[in-house]
Participant: 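Sharing a structure with you now.
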Amino acid sequence: MSSTLVGPILRWYDDNARDLPWRRPEASAWSVMVSEFMLQQTPVRRVLPVHAAWLERWPTPSALADEPAGEAVRAWGRLGYPRRALRLHAAATTIRDHHDDTVPDDYATLRTLPGVGDYTAAAIATFAYGRRQVVLDTNVRRVLGRTVAGVEFPARSVTKAERELAAGLLPTDPPTAAAWSVSVMELGALICTADRPRCEACPVRTSCAWLAAGKPSYQGPPRPVQDYAGTDRQCRGRLLAVLRDAPGSVSLDQLDAAWDEPVQRARALASLLADGLIVRADDRYALP
DNA sequence: TATTCGTGGGC
DNA sequence: TGCCCAAGAAT
């Protein structure tokens, strides 16, 4: 089974891979790590400029750790989920203080860093250091779900069967395993996309279970709709934008002007303070 | 395990 | 237009 997938996808990647900064031979492990944080739930296109500016300003973990966390939040800009910026700063601090300013190269150590979950630990070990790890992201899950299981979309959360399937497919020698992982992810990002997959251009179209079954539509439980307008998330975003765009601290009045509904506004501000994304000194508010 | 956590682009 | 989703993690 693996031979019908692995070989064609590896060859497809050789001819179709995007030239991304964190994939270049000269890219540092820190560059890879920064990219993985930024790419969590955020498209490549939006990450590119922020990643470049970030590496220019903070070429090493200690360079970032030596500045206030608020600078990371500010530089994060509008990538979204700004707690990632806080966690990246915290991870950089740990790396500076306990790992000789060197991004760890093994899954277990990476996994202990703030903001580094199963996927990100496997991705950094694999893409920065060529380690052999099962890299299971949304792209890989979708590709394997279609080609092997014959379903349009995988389950909500990773199943044991999914993980075993991915582990069984992973090539034995580390360099090939790493190449395979980035290749499957790229196939999911460019060809085997969530909507309007380009099956006619797929290197494994002749062995895809989903295509062979006539591309049956997703049958599982409906995915929760992710509304945004009017939510606490939007409110938090508005409040934090005021802080990002201000040179120093701001007054409560300035924050009040960013959102009409007072109860929700107060709740959002309290949660931002609890998260450490905003700090209060007397009656002024600022980035940490 | 189900929620919560931003933002912007494509159709 | 409104809806879907994009290299997840933490709780």
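Just so it is clear: chains get the letters A, B, ... in the order the sequence lines come, proteins before strands, and each one is counted from 1.
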Participant: Take atom OH of A:Tyr218 and atom C1' of C:dC5, then tell me their distance rounded to the nearest Å.
Facilitator: 14 Å
Participant: Please classify the nucleic acid contact of A:Asp195 as base, sugar-phosphate, or nothing, using heavy-atom distances under 4.0 Å.
Facilitator: nothing
Participant: Is there side-chain contact between A:Glu261 and A:Trp259, with heavy atoms separated by less than 4.5 Å?
Facilitator: yes
Participant: Specify the separation, in whole Å, of atom CD of A:Gln234 and atom C1' of B:dT7.
Facilitator: 10 Å
Participant: Which nucleotide in the set C:dC5, B:dG9, C:dA7 lies at the smallest distance from any side-chain heavy atom of A:Arg45?
Facilitator: B:dG9
Participant: Reckon A:Arg244 has a side-chain N or O less than 4.0 Å from the OP1 or OP2 of B:dT7?
Facilitator: yes
Participant: Where the side chain of A:Arg236 is defined as all heavy atoms beyond and including C-beta, which of C:dA7, C:dA6, B:dC5 is the nearest nucleotide?
Facilitator: B:dC5
Participant: Go through the steps for A:Trp210 and A:Val151 under the test side chain to side chain contact (heavy atoms under 4.5 Å, CB included), then give the verdict.
Facilitator: CA-CA 6 Å; A:Trp210 184 58; A:Val151 296; 5.6 Å; no
Participant: Using a 4.0 Å heavy-atom cut-off across all strands, classify A:Arg156 as base, sugar-phosphate, or nothing.
Facilitator: nothing
Participant: In whole angstrom, give me the gap between the P atoms of B:dC11 and C:dA7.
Facilitator: 16 Å
Participant: Any side-chain N or O of A:Tyr81 less than 4.0 Å from the OP1 or OP2 oxygen of C:dA9?
Facilitator: no
Participant: On the ring face of A:Phe153, is A:Arg141 found with NZ or CZ under 6.0 Å from the centre and within 45° of the axis?
Facilitator: no
Participant: Students often get this wrong, so: under 4.0 angstrom with heavy atoms, is A:Arg18 touching a base, only sugar-phosphate, or nothing?
Facilitator: base
Participant: Is the closest side-chain heavy-atom distance between A:Cys202 and A:Trp12 below 4.5 Å?
Facilitator: no
Participant: Where the side chain of A:Arg111 is concerned, which of C:dA10, C:dA7, B:dG8 is the nearest nucleotide?
Facilitator: C:dA10
Participant: When we call it a touch if two heavy atoms are under 4.0 Å apart, what does A:Ser35 touch: a base, just sugar-phosphate, or nothing?
Facilitator: nothing
Participant: Would you indicate what A:Gly117 reaches in the nucleic acid, counting non-hydrogen atoms under 4.0 angstrom: base, sugar-phosphate, or nothing?
Facilitator: sugar-phosphate
Participant: If you go through the side-chain atoms of A:Arg233, does one of them form a donor-acceptor pair with the base of B:dT7 closer than 3.5 Å?
Facilitator: no
Participant: Rounded to the Å, how far apart are A:Leu269 CG and B:dC5 P?
Facilitator: 14 Å
Participant: What integer distance in Å separates A:Ile278:CD1 from B:dC5:P?
Facilitator: 14 Å
Participant: Compare the minimum distances between each of C:dA9, B:dC5, C:dA7 and the side chain of A:Leu39, then state the nucleotide with the smallest one.
Facilitator: C:dA7
Participant: Find the distance A:Leu88:CG to C:dG8:P and express it as a whole number of Å.
Facilitator: 16 Å
Participant: By the 4.0 Å heavy-atom rule, please label A:Ile124 as base, sugar-phosphate, or nothing.
Facilitator: nothing
Participant: Select base, sugar-phosphate, or nothing to describe what A:Leu240 touches, counting heavy atoms under 4.0 Å on all strands.
Facilitator: nothing
Participant: Any base atoms under 4.0 Å from A:Val116, or only sugar-phosphate, or nothing? Heavy atoms, all strands.
Facilitator: sugar-phosphate
Participant: May I have the distance from A:Arg84 (atom CZ) to C:dA6 (atom P), rounded to whole angstrom?
Facilitator: 15 Å
Participant: For a quick check of understanding: with a heavy-atom distance under 4.0 Å over all strands, which category does A:Asp118 fall into, base, sugar-phosphate or nothing?
Facilitator: sugar-phosphate
Participant: Here's a test of your reading of the structure: between A:Leu113 and A:Arg46, which maps to the more 5' nucleotide of DNA chain C?
Facilitator: A:Arg46
Participant: Taking any heavy-atom pair under 4.0 Å as a contact, classify A:Thr120: base, sugar-phosphate, or nothing.
Facilitator: sugar-phosphate
Participant: Taking CZ from A:Arg142 and P from C:dC5, how many angstroms apart are they, rounded to a whole number?
Facilitator: 10 Å
Participant: Are A:Arg205 and A:Glu200 ion-paired here, with the side-chain N under 4.0 Å from a carboxylate O?
Facilitator: no
Participant: Using a strict cut-off of less than 4.0 Å between a Lys/Arg side-chain nitrogen and an Asp/Glu carboxylate oxygen, indicate whether A:Asp118 and A:Arg111 qualify as a salt bridge.
Facilitator: no
Participant: Mind checking if A:Ala194 touches a base, just sugar-phosphate, or nothing, with heavy atoms under 4.0 Å?
Facilitator: sugar-phosphate
Participant: Rounding to an integer number of angstrom, what distance separates B:dG6 and C:dA6 when you compare their C1' atoms?
Facilitator: 12 Å
Participant: Of A:Arg196 and A:Leu277, whose nearest nucleotide on DNA chain B comes first from the 5' end?
Facilitator: A:Leu277
Participant: So what does A:Trp22 hit on the nucleic acid, given a heavy-atom distance under 4.0 Å: a base, only sugar-phosphate, or nothing?
Facilitator: base
Participant: Output the rest of the hydrophobic cluster of A:Leu86: all Ile, Leu, Val, Met, Phe, Trp and Tyr residues reachable through side-chain heavy-atom contacts under 4.5 Å, sorted by chain and number.
Facilitator: A:Val73, A:Leu239, A:Leu240, A:Val242, A:Leu243, A:Val250, A:Leu252, A:Leu255, A:Leu269, A:Leu272, A:Leu273, A:Leu277, A:Ile278, A:Tyr285, A:Leu287
Participant: Could you go through A:Leu187 and A:Tyr13, starting from their C-alpha distance and side-chain angles, then the distance that decides it, and tell me whether this counts as side chain to side chain contact (heavy atoms under 4.5 Å, CB included)?
Facilitator: CA-CA 8 Å; A:Leu187 186 70; A:Tyr13 182 79; over 6 Å; no
Participant: Taking only the side-chain nitrogens and oxygens of A:Thr231, find out if one of them lies under 4.0 Å from OP1 or OP2 of B:dG6.
Facilitator: no
Participant: Considering just the side-chain nitrogens and oxygens of A:Gln41, establish if one lies under 4.0 Å of OP1 or OP2 belonging to C:dG8.
Facilitator: yes
Participant: Whole-Å distance between B:dG9 P and A:Arg78 CZ?
Facilitator: 10 Å
Participant: Identify whether any heavy atom of A:Arg23 sits under 4.0 Å from a base atom; if not, whether one sits that close to sugar-phosphate; answer base, sugar-phosphate or nothing.
Facilitator: base
